[in-house]
Amino acid sequence: MTCIDTHAHVFSKHDQCLQTARYTPNYNATAQDYISRLDELGFTHGVLVQPSFFGTDNHVMLDAIQQYPKRLKGIAVVEHTASLDELKALKAQGIVGIRLNLFGLTVPVLNTPEWNTFLTHLETLEWQLELHAPPAYLVIVLPLLNQYHLDIVIDHFGRIDPIKGIDDPDYQTFLDLLNVEKHWIKVSGFYRLGALPVNIDIAQQAFNLLKNKGFIHRMVWGSDWPHTQHEAKMSYQLVLDTFRKIVPDIEEQKMILGENASRLFKF
């Protein structure tokens, strides 16, 4: 049975990171390490996501996919000025979408000719656009993307503010903007919402709200391995166990880990 982890990162402590990176790893999380985790817990496939500290240099992720081309795909980070030929070259190497990680950045102005060209390229390639952004950014960006025929994937429940919680007006607006024909939600990174292993309240509330909005067929799971900046408290097994607490229904677990993810990532 197909079982997919849709969000993980690979790197080593020797890799070249951006000088401006807010965080750089001091340990190794290799493709072999990741595949071992998948094998241990019965996952057939994984999706690698370009970490912010590598910027637009995707070669570490591409090398990992090349080692396991039947099991791994990737979400890249590129300049929005990238040409269609450059993007096609990435597609040939197992890339299936682009990530916009907006933490620490200003909101991009998406209604410019350059962005229009770029987003049209993504349509041509039938790629997804993954958004990692706080709710205050999402409410600005999502309406500007409505004109494009793209799968929009929202990281980590929409990164609810741990202080403002579910009732944050921006998060409530974000929920109102969601469209089950266009948007997908990653049930992931619960510990990035200010929650400790014994406190999954925010993630649980978010899951229930999204389920009530009809998103049970548009949710996928990601381990967020190796849980950067939370390594001391997290493990792959703990994150998977916590997912099963957030989503207690076994059939819904199977749907999120299998059918939904297969449909989105075309495994």
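Below, each value reflects all heavy atoms present in this structure, side chains not excepted, and no hydrogens, waters or symmetry copies. Along the sequence shown, residues are numbered consecutively beginning with 1.
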Shared hydrophobic cluster for L257 and V239 (ILVMFWY, side-chain gaps under 4.5 Å): yes
Point-to-point distance, once rounded to the nearest 0.5 Å, from CG of D161 to CG of D167: 12.0 Å
From CG (L210) to CE (M219), nearest 0.5 Å: 5.0 Å
Worked verdict on D249 versus K211 for salt bridge (charged side-chain N to carboxylate O under 4.0 Å, His left out): CA-CA 12 Å; D249 185 279; K211 179 181 173 180; over 6 Å; no
Inter-residue atom distance S52.OG - R99.CZ, 0.5 Å rounding: 7.0 Å
The single option from Y34, F53, W225 passing ring-ring contact (aromatic ring centres under 6.0 Å, His included) against F11: F53
Donor on one side chain, acceptor on other, R192 and T228, under 3.5 Å: yes
W184-L122 co-clustered via ILVMFWY side chain contacts under 4.5 Å: no
Within the 6.0 Å centroid threshold, strictly below: Y148 and W115: no
Partner of H132 by ring-ring contact (aromatic ring centres under 6.0 Å, His included), out of Y137, F157, F103: F103
Joint hydrophobic cluster, L178 plus L150, side-chain heavy atoms closer than 4.5 Å: yes
Linked, directly or transitively: V49 and M61 (ILVMFWY side chains, under 4.5 Å): no
Atom pair NZ/CZ of K186 and R159 - distance to nearest 0.5 Å: 13.0 Å
Residues R37, E40: salt bridge by 4.0 Å N-O rule: no
Hydrophobic cluster membership, M255 vs F267, 4.5 Å side-chain cutoff: no
Q237 atom CD, over 12 foreign heavy atoms within 6.0 Å: yes
